[in-house]
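Atom set for the values below is all heavy atoms of this structure, side chains included, hydrogens, waters and symmetry mates excluded.
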Protein chains: 2
Amino acid sequence: MALKDAPVLSHVSCGDCPIRHRAVCARCESDELVALERIKYYRSYEAGQTVVWSGDRMDFVASVVTGIATLTQTLEDGRRQMVGLLLPSDFVGRPGRSNAAYDITATTDLVMCCFRKKPFEDLMAHTPHIAQRLLEMTLDELDAAREWMLLLGRKTAREKIASLIAIIARRDASLKAEGRDGPLVFDLPLTREAMADYLGLTLETVSRQISALRKDGVIVLDGKRHVTVPDIDRLLLEAGDDSDGGFIG
Amino acid sequence: MALKDAPVLSHVSCGDCPIRHRAVCARCESDELVALERIKYYRSYEAGQTVVWSGDRMDFVASVVTGIATLTQTLEDGRRQMVGLLLPSDFVGRPGRSNAAYDITATTDLVMCCFRKKPFEDLMAHTPHIAQRLLEMTLDELDAAREWMLLLGRKTAREKIASLIAIIARRDASLKAEGRDGPLVFDLPLTREAMADYLGLTLETVSRQISALRKDGVIVLDGKRHVTVPDIDRLLLEAGDDSDGGFIG
DNA sequence: CGGCGCATTGATGACATTCAAAAACCGTGG
DNA sequence: CCACGGTTTTTGAATGTCATCAATGCGCCG
């Protein structure tokens with residue numbers, strides 16, 4: 001288990017950072033990195049902990065180093081919708097805004113590399129490489145949000161589940177950089193309830209559709225969380241996406 | 001055929017541009033504006049025309065000057081979801097990408113201020129004010145997309161319609177900068193079908209819910225498109241949003 | 001073992017979709 | 001001015017998908 005006794009990690013050199021090449025600092029030269037290094041600090045959260053509540057003052061921005069966090073919105077009567085799934089290297093918070101717009105929750109044990117907002121903004125003004133990278137990341141997130149909107153607005157429950165499993169499978173494969181084909185094997189990092197919040201469904205429907213995909217042989221389950229995808233193309237077909245599961249040039 | 005007599009508008013000075021203070025050029029100094037002015041050109045499209053198809057090569061970026069355009073995604077079987085609603089001053093296209101990710105359609109007559117991508121990217125590299133503004137606009141769009149995700153995933157048909165009308169009403173009021181209260185009056189700039197694509201509904205459901213809101217006195221219709229909102233708070237209540245309809249500090 | 005959290009399964013019903021038809025609207029041309 | 005055809009919108013009835021309510025099962029830890 002994770003961070004029992006280390007709410008703040010010891011200082012890790014940026015050169016050794018696992019997200020060095022993907023995070024907001026990806027494009028920085030070594031002198032820029034030194035400046036970032038000077039103002040950074042780590043925070044960790046246990047699975048289930050809330051990082052900030054929507055509307056609360058938030059005096060820092062951060063990169064996810066390890067673990068997974070979610071952004072969610074809530075209607076007064078309790079209906080919840082996840083609007084962001086933050087994986088390692090993703091950026092948290094918004095320069096130029098002082099209060100959080102969403103609830104941020106750690107769904108696994110989580111470590112973030114934080115910068116107090118003011119110093120970060122000042123640094124950004126002098127460091128185009130940071131602003132450039134942040135723009136690029138934000139545009140990617142916008143694309144992801146739009147893909148997600150298609151899912152929420154137009155896909156069936158079964159397609160939603162298949163899509164989510166495909167997304168997780170793809171991410172996992174890219175991380176492990178596995179051999180091209182052969183069955184994919186991974187763990188679902190989300191509870192049924194979190195999946196429901198992601199997909200705009202109830203947890204019962206999520207459970208039913210997962211069972212259905214299992215029954216039809218699209219996925220194989222070992223326990224609640226451990227998944228094998230024997231045929232990724234079959235899964236993508238079920239997801240209803242454009243043939244290729246495709247990316248843009 | 002398309003653009004009867006004005007495929008390219010006469011050159012308008014940036015100083016006189018109606019979106020000068022809100023578009024991607026908003027922060028530019030006069031010398032920066034000159035550089036932009038040198039590479040800009042206008043294009044117009046008639047209502048209903050497609051600007052580009054998803055996947056097509058797109059060698060320019062642009063700002064909407066007047067009119068409304070939409071971004072939509074389509075599943076193979078024809079299900080469509082709008083993922084962006086582009087109003088005057090909104091930015092179209094993505095620096096660093098050569099092909100369109102979405103269908104872009106003019107839903108009204110449309111004028112755009114275009115920049116060929118390469119010169120724009122070069123200019124952006126030397127002009128932090130443009131990149132800064134673009135980042136800010138992209139972050140705003142991301143927030144809007146997330147609000148939209150909540151709508152798509154969790155709101156009922158009636159709430160979706162009320163939300164859309166509220167969004168249009170708010171935008172319209174901010175444009176006309178009207179007296180605080182008193183009934184709001186405006187036109188819906190979208191067909192029932194476009195609303196359905198926006199909201200993840202069928203056009204029949206859109207029609208039914210609009211009728212229901214009319215029957216309940218939440219809105220007053222004059223013809224198909226002309227709307228009066230006698231009580232904006234009532235409408236916001238129907239939209240199911242956070243009490244204030246609110247913004248973040 | 002017993003209790004707690006998470007997940008599955010079942011029965012029922014509400015809400016939105018689908019299919020179908022009628023009505024209202026718009027521009028055109030007589 | 002009105003008639004006409006095409007398009008958009010409204011309305012109706014039947015169907016289906018997913019939500020809701022409720023009970024049961026599973027795994028884990030004290």
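Between Ser211(B) and the phosphate of dT11(D), there is a side-chain N or O to OP1/OP2 separation shorter than 4.0 Å. Remark: Thr202(B) is not in phosphate contact with dT18(C), judged by side-chain N or O atoms under 4.0 Å from OP1 or OP2. Put simply, Thr205(A) has a side-chain N or O that comes within less than 4.0 Å of OP1 or OP2 on dA19(D). The phosphate of dA7(C) has OP1 or OP2 within less than 4.0 Å of a side-chain N or O from Arg225(A).
Taking atom NE2 on His226(A) and atom P on dG27(D), their separation rounds to 15 Å, with Å as the unit. Rounded to a whole Å, the CG atom of Asp197(A) is 15 Å from the C1' atom of dA7(C). Rounding to whole angstrom units, CZ of residue Arg79(B) and P of dT17(C) are separated by 12 Å. Nucleotide dA16(C) holds its C1' atom 20 Å from the NZ atom of Lys155(A), rounded to whole Å. Whole-Å rounding puts the Leu221(A) CG to dC26(D) P distance at 15 Å. Look at CG on Asp77(A): it is 14 Å from C1' on dT20(D), rounded to the nearest Å. If you measure from atom CZ of Arg208(B) to atom C1' of dA22(C), you get 13 Å, rounded to the nearest angstrom. Between the CD1 atom of Ile210(B) and the P atom of dT9(D) there is a distance of 9 Å, given to the nearest Å.
Considering only the side chain of Leu203(B), dT9(D) comes nearest among dA7(C), dA19(D), dT9(D). Listed candidates were dA22(D), dC19(C), dT17(C). Nearest to the side chain of Glu204(A) is dA22(D). With dA16(C), dT10(D), dT8(C) as the choices, the nucleotide that has an atom nearest any side-chain atom of Ser207(B) turns out to be dT10(D).
Taken from OG in Ser163(B) to CH2 in Trp148(B), the straight-line distance is 12.5 Å, to the nearest 0.5 Å. We find the CG-OG1 distance between Leu150(A) and Thr74(B) to be 8.5 Å, quoted to the nearest 0.5 Å.
The number of heavy atoms from other shown groups lying within 6.0 Å of CZ (Arg79(A)) is above 12.
At the heavy-atom level, Gly200(A) lies under 4.0 Å from the strands shown only through sugar-phosphate atoms.
With respect to the salt-bridge test (charged N to carboxylate O, under 4.0 angstrom), the residues Arg146(A) and Glu141(B) qualify. Salt bridge Asp197(B)/Arg154(A): present, at least one basic N to carboxylate O contact under 4.0 Å.
A residue-by-residue look at Lys215(B) and Val206(A) shows that Lys215(B) has its nearest nucleotide of DNA chain D further toward the 5' end.
Evaluation of atom-type donor-acceptor distances gives no pair under 3.5 Å for the side chain of Arg214(A) against the base of dT9(C).
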